[in-house]
Amino acid sequence: MIYADNAATTRMSEHALQVYIESANQHWGNPSSLHLTGQTAKAAMEDARARIATLLHCDPREVYFTSGGSESDNQAIRTAVMSGLKKGKNHVVSTKFEHHAILHTLTQLEKEQGIRVTLLDVHEDGLIRPEELREAITEETALVSIMYANNEIGTIQPIHEIGKICREKKVLFHTDAVQAAGILDVDFARDDIDMLSLSAHKFHGPKGVGALLIRRGVVPYTLINGGAQERGKRAGTENVPGILAMAAALEDAVRDREAKTAHLLPLRDRLIDQLTKIPHSALNGDREHRLPGNVNLCFEGIEGESLLLLLDANGIEASSGSACTSGSLDPSHVLLAIGRPHEVAHGSLRLSLSGENTAEDVEKICEILPQVVEYLRSISPVWKDLESGKAEHRL
Ligand SMILES: *Cc1c(COP(=O)(O)O)cnc(C)c1O
């Protein structure tokens, strides 16, 4: 099997798994307990917090552990919106291609709190334009939330520039860095970021654990009420083994980041070069400003789900749109945001590589995929119409 769905989740590394098992064994105490067993767990967790802070360039007091990316995104949005509302600010700027953890939270707050949301265009290249962000910010803006790198098309936003604009305009800046942490050079301090979401299972750590970085001076909104864990801002007995395994996975990822990028770039580029040779296909998102392991393509005249099933039968595991939207007939909101027509967006494929993928994997994909596309087109009524001129080619 070739696993090419690392944007959905990654396999836990051997190291993270070992740390997890050892920690579950040794640090089983409740970090809130005052006895030695509890305090042993607490000390291990605080050590992990300090190491994560060093890796991301923030203060340990700015690290809040959560259950993952979705929770961090929810807490970040509510933190800025609730504190904004107290100051009479009811406007949020985000983008059309955020993760649903952001978009659905914003929709809920529109209904619940009457906030106003501006979603920036991401243009054909999958990138926002900083000058459009500048124009969208008003006196009422409480928050700008723009993802670091997109989970579907892998495009990387100009985070440094965005941070500067937000700082200059005195608006809180949150970034969903779930696809970026451990893969790109994420720096909380350098890029003027006020809040940042990350999730361990996207960088070979365990599922169900993540963090939200919140700049000191910003008062976190409490999403989960209960005990006084996480400085009273996130209740629940801490997932100590998960947190330790996350720290280990992030340390490995940051240490090996440049070597992994150098390994991935030629693999990604080979896939893009070979697969865009398929007639009536196109790469989604900018070729340069994209994650080193992300390839996302549209093929006219075929349907993403069928493509996935046939690839799976041929030993290639990939994804179409995002894992959350598959199963529904709606095409990906990300592909629509970059201007792909509905019928084209339906025929999309995401291949997301990790350091574990090899050149042989890539060659096998390059061999099998064109055959599968050709076969699906040969039985597709949509393709027949396109070929006969009854319908017009869009790619
Ligand atoms: C995976 C992902 C999330 C959700 O993270 P979970 O830990 O699975 O809740 C949020 N944002 C982006 C960009 C993601 O890729």
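What you see is a predicted model, and the numbers here were worked out from it, not measured in a lab.
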- Message: For His91, give me all partners under ring pair (Phe, Tyr, Trp, His ring centres under 6.0 Å), at least two apart in sequence or on another chain.
- Response: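 Counting only residues at least two positions away or on another chain, His91 forms no ring pair (Phe, Tyr, Trp, His ring centres under 6.0 Å).
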- Message: Once ring pair (Phe, Tyr, Trp, His ring centres under 6.0 Å) is applied, do any residues pair with His104, and if so which ones, sequence neighbours excluded?
- Response: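 Here the qualifying residues are His100.
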Taking side chain as C-beta onward, heavy atoms only, is [X] less than 4.5 Å from [Y]?
X	Y	result
Leu213	Ile193	no
Ile153	Phe97	yes
Glu124	Ile338	no
Ser320	Leu349	no
Asn151	Val334	no

Are side-chain N/O atoms of [X] and [Y] paired as donor and acceptor at under 3.5 Å?
X	Y	result
Gln274	Lys277	yes
His263	Glu356	no
His123	Glu132	yes
Gln108	Arg78	yes
Asp176	His99	no
Ser332	Glu152	yes

Do NZ/NE/NH1/NH2 and the carboxylate oxygens of [X] and [Y] come within less than 4.0 Å?
X	Y	result
Arg49	Glu46	yes
Glu300	Arg394	no
Arg270	Glu363	yes
Asp59	Arg215	no
Glu110	Arg116	no

Determine whether a donor-acceptor pair (N or O, by modelled atom type, separation under 3.5 Å) exists between the side chain of [X] and the backbone of [Y].
X	Y	value
Asn74	Ser70	yes
Asn30	Thr237	no
Thr79	Gln75	yes
Asn150	Thr155	no
Asn357	Tyr3	yes
Ser72	Ser197	no
Gln157	Gly126	yes

Partner residues of [X] under the side chain to side chain donor-acceptor pair (under 3.5 Å) criterion, sequence neighbours left out:
X	answer
Asp125	Arg129
Lys169	none
Thr358	Asp361
His204	none

- Return the orientation label for the His280 and Trp383 ring planes: parallel under 30°, perpendicular over 60°, tilted otherwise.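 Plane angle over 60°, so perpendicular.
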- Report the residues that fulfil salt bridge (charged side-chain N to carboxylate O under 4.0 Å, His left out) with Asp385, sequence neighbours left out, ordered by chain and then residue number.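 Partners of Asp385 by the salt bridge (charged side-chain N to carboxylate O under 4.0 Å, His left out) criterion come out as none, since no residue qualifies.
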- For Arg340, salt bridge (charged side-chain N to carboxylate O under 4.0 Å, His left out) partners two or more places apart: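 Not a single residue meets the salt bridge (charged side-chain N to carboxylate O under 4.0 Å, His left out) criterion with Arg340.
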- Would Gln179 and Ile183 satisfy side chain to side chain contact (heavy atoms under 4.5 Å, CB included), going step by step from the backbone distance to the final call? CA-CA 7 Å; Gln179 291 289 331; Ile183 293 172; 5.5 Å; no
- Query: How long is the span from the CG atom in Asp286 to the CZ atom in Arg290, to the nearest 0.5 Å?
  - Reply: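 Separation between the atoms: 8.0 Å.
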- ILVMFWY cluster, Leu309 and Ile302 together (side-chain gap under 4.5 Å):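 No, no single cluster joins them.
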- Applying the side-chain hydrogen bond (donor to acceptor under 3.5 Å, both in side chains) test to Arg350, which of Asn294, Asn296, Asp5, Asn284 qualifies?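 With Arg350 as partner, Asn294, Asn296, Asp5, Asn284 yield a single side-chain hydrogen bond (donor to acceptor under 3.5 Å, both in side chains), made by Asp5.
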- Query: Which heavy-atom pair separates Ser145 from His174 by the least distance, and what is that distance?
  - Reply: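 That closest heavy-atom pairing would be OG-ND1, 2.9 Å.
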- Closest contact, heavy atoms only, Gly227 versus Ala235: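 Answer, listing the atom of Gly227 first, then Ala235: N-CB, 3.3 Å.
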- Under the side chain to side chain contact (heavy atoms under 4.5 Å, CB included) criterion, do Leu369 and Leu307 qualify, and how do the steps go? CA-CA 9 Å; Leu369 189 61; Leu307 182 58; 3.8 Å; yes
- Leu119: which other cluster members, linking ILVMFWY side chains closer than 4.5 Å, directly or transitively?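 Tyr64, Ile77, Val81, Met82, Leu85, Val92, Ile102, Leu103, Leu106, Leu109, Ile115, Val117, Leu143, Leu172, Met195, Leu212, Ile214, Val218, Tyr221, Leu223, Ile224, all in the cluster of Leu119.
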- Remaining members of Val344's ILVMFWY cluster at a side-chain heavy-atom cut-off under 4.5 Å?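 Other cluster members: Leu395.
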For [X], is the [atom1] atom crowded, meaning more than 12 foreign heavy atoms sit under 6.0 Å from it?
X	atom1	value
Glu112	CD	yes
His342	NE2	no
Glu387	CD	yes
Glu258	CD	no

- Item | Pairs flagged by salt bridge (charged side-chain N to carboxylate O under 4.0 Å, His left out) wherever residues 65-77 is involved - sequence neighbours left out |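 Checked against salt bridge (charged side-chain N to carboxylate O under 4.0 Å, His left out) - neighbours excluded - the pairs reaching residues 65-77 are Glu71-Arg234.
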- Query: Quick one: which of Arg216, Lys170, Arg167 gives a salt bridge (charged side-chain N to carboxylate O under 4.0 Å, His left out) with Asp194?
  - Reply: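 Among Arg216, Lys170, Arg167, the one that satisfies the salt bridge (charged side-chain N to carboxylate O under 4.0 Å, His left out) with Asp194 is Arg167.
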- Query: Taking only residues two or more places apart in sequence, or in another chain, which ones meet Ala16 in a side chain to side chain contact (heavy atoms under 4.5 Å, CB included)?
  - Reply: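 Listed in chain order: Met12, Ser13, Ala245, Ala249.
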